[in-house]
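Just so we're on the same page: letters track the sequence lines, and every chain starts at 1.
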Protein chains: 2
Amino acid sequence: MSATRMMILGVVSWLEPVHGYDVRRELLSWSADRWANVQPGSIYHALRKLAGEGLLRELPSEQVGARPARTRYEITEKGRAEFHRLLSDLMWDVKPVADPFASALAFLPAVPPDEAAAALRQRAKVLRTTVEGFRSAATSGWLGDKPPHVGWMFELFGARGDAEAQWCERIADRIESGASYTWSEEAADTSSNNQG
Amino acid sequence: MSATRMMILGVVSWLEPVHGYDVRRELLSWSADRWANVQPGSIYHALRKLAGEGLLRELPSEQVGARPARTRYEITEKGRAEFHRLLSDLMWDVKPVADPFASALAFLPAVPPDEAAAALRQRAKVLRTTVEGFRSAATSGWLGDKPPHVGWMFELFGARGDAEAQWCERIADRIESGASYTWSEEAADTSSNNQG
DNA sequence: CCGGCTTTAGTCAAATTTGGCTATTACGCT
DNA sequence: AGCGTAATAGCCAAATTTGACTAAAGCCGG
């Protein structure tokens, strides 16, 4: 979970001292749950583990009313070094990521042409709508209030979305033009062999 | 792990009867470990779990020499239905995936401009080399022997890679032209607040 | 023929992740 | 003022994933 660790260290570094729910709220405000593993269980697990490893320091808990006591954290020098090391690793590393859509594509021969084309066209539509949302966020000024790198992230998501939408449409066109990608519907369901 | 389950069911469906190592070898031949969670522990875990749920059927083990006995599996009708259901879900679902590079970008303000630009240029270079590899696989005939959808997957990976490489170069140009994305190097390391 | 390396086949202990759960407090609407 | 919902704050049992490990067999070069 090196990305999760880096993010938790980074948020603590920027906002310290914080408690778990502060971290959770901050990451949710970035919609980080959509592109990183930062559900509550992962956040609290990482906070405790990083404190156990001396990368974060727990401050005395405080109690507010009858709510659960909340533990605040600050980063240590060791933690700051680890944050920069992990961040640098992640910046320089170029590696594919696990992608459920690629998994589905590997078995495309098992999907009838009608459904395959329809799903690809729908995907292109959803991607284009999402990318349009990023662009109107930019022009509406909402993004203008945010640091420049946030806009750059949206540009990246937009560029990826555009490229994938175009690919979806191109492949749907081929399928609808009769391009054969199954041996036959019968064979695809029984004995054929994918030698990807 | 619905993508992992779908892939295991799919491979068993296409190659049955198989044992775990057959599945492992087949997925490795697709380089599936690069874009799916199919390390040995996940494969064998999924095989046992799917058999336990009645989606796969274990056949009597066979022994070859003094090697560990190997359990062969075949798919059940229930498993075939689940394979198609999961495959359809994954074809139609449009959702971002956990991406370590996006995690790093969220903390870009903590990376000095020199390093950020260098990492982005290096990333662009690696992506372009990878995409060129896909294209030469296509022209060399290696891909010609494979079913069409395999080429389509490479086209998708290529389209994504191109889009991201262009984005990397564009952002590196901005950084090198002096675009400010940290408040200051000092502020970025101490008290600033990322409001993504 | 022998030695070194690869392949075969599965497992394991640990790491990581999930997302619904708990009870209290705060807020908004009627 | 009261009710219903959302926010607060952390946790849990379970699910999922990892990748190095094991020992025997096979292969290739010297």
*Asks:* Calculate the interatomic distance between D33(B) atom CG and dT17(D) atom P; express it in whole Å.
*Replies:* 14 Å
*Asks:* Might you point out which heavy atoms bring A110(A) and H84(B) nearest each other, and give the distance in Å?
*Replies:* O-CE1, 3.7 Å
*Asks:* Over all heavy atoms of both residues, which pair between V111(B) and A116(B) is shortest? Give the atoms and the distance, please.
*Replies:* CG1-N, 3.6 Å
*Asks:* Measure from the side-chain heavy atoms of Y21(B) and tell me the nearest of dT8(C), dA9(D), dC11(D).
*Replies:* dT8(C)
*Asks:* When you measure only distances, ignoring hydrogens and angles, does the side chain of R24(A) come within 3.5 Å of the base of dG10(D) through a donor and an acceptor?
*Replies:* yes
*Asks:* Cation-pi check for Y21(B) against R70(B): NZ or CZ below 6.0 Å from the six-membered ring centre and within 45 degrees of the axis, yes or no?
*Replies:* no
*Asks:* Under 4.5 Å between any side-chain heavy atoms of E58(B) and L47(B), yes or no?
*Replies:* no
*Asks:* Between dG10(D) atom P and L27(A) atom CG, what is the distance in whole Å?
*Replies:* 14 Å
*Asks:* Quick one: K95(B) NZ to dT18(C) P, roughly how many Å, whole number?
*Replies:* 12 Å
*Asks:* Thinking salt bridges, do D22(B) and R25(B) make one under a 4.0 Å N-O criterion?
*Replies:* yes
*Asks:* Establish, with yes or no, whether the OP1 or OP2 oxygen of dT11(C) is under 4.0 angstrom from a side-chain nitrogen or oxygen of R48(B).
*Replies:* yes
*Asks:* Could you pull out the closest heavy-atom pair between D162(B) and V131(B), with the gap in Å?
*Replies:* OD1-CG1, 3.9 Å
*Asks:* Using whole Å, report how far CG of L50(B) lies from C1' of dT17(D).
*Replies:* 15 Å
*Asks:* Which whole-number value in Å describes the distance from R72(B) CZ to dG10(C) P?
*Replies:* 11 Å
*Asks:* Does a side-chain N or O of R25(A) approach OP1 or OP2 of dT8(D) to a distance below 4.0 Å, or not?
*Replies:* yes
*Asks:* Can you find a heavy atom in the side chain of D89(A) that is under 4.5 Å from one in the side chain of M6(A)?
*Replies:* no
*Asks:* Residues from residues 37-46 of chain B sitting under 4.0 Å of DNA chain D, heavy atoms only?
*Replies:* N37(B), V38(B), Q39(B), P40(B), G41(B), S42(B), H45(B)
*Asks:* Measure the distance from CG on L86(B) to P on dT16(D) and round it to the nearest whole Å.
*Replies:* 11 Å
*Asks:* Rounded to whole angstroms, how far apart are CG on L47(B) and C1' on dT16(D)?
*Replies:* 14 Å
*Asks:* In this structure, how many angstroms lie between the C1' atom of dT11(C) and the NE2 atom of H19(B), rounded?
*Replies:* 15 Å
*Asks:* Hey, is the side chain of T4(B) poking within less than 4.0 Å of OP1 or OP2 on dT16(D), counting only N and O atoms?
*Replies:* no
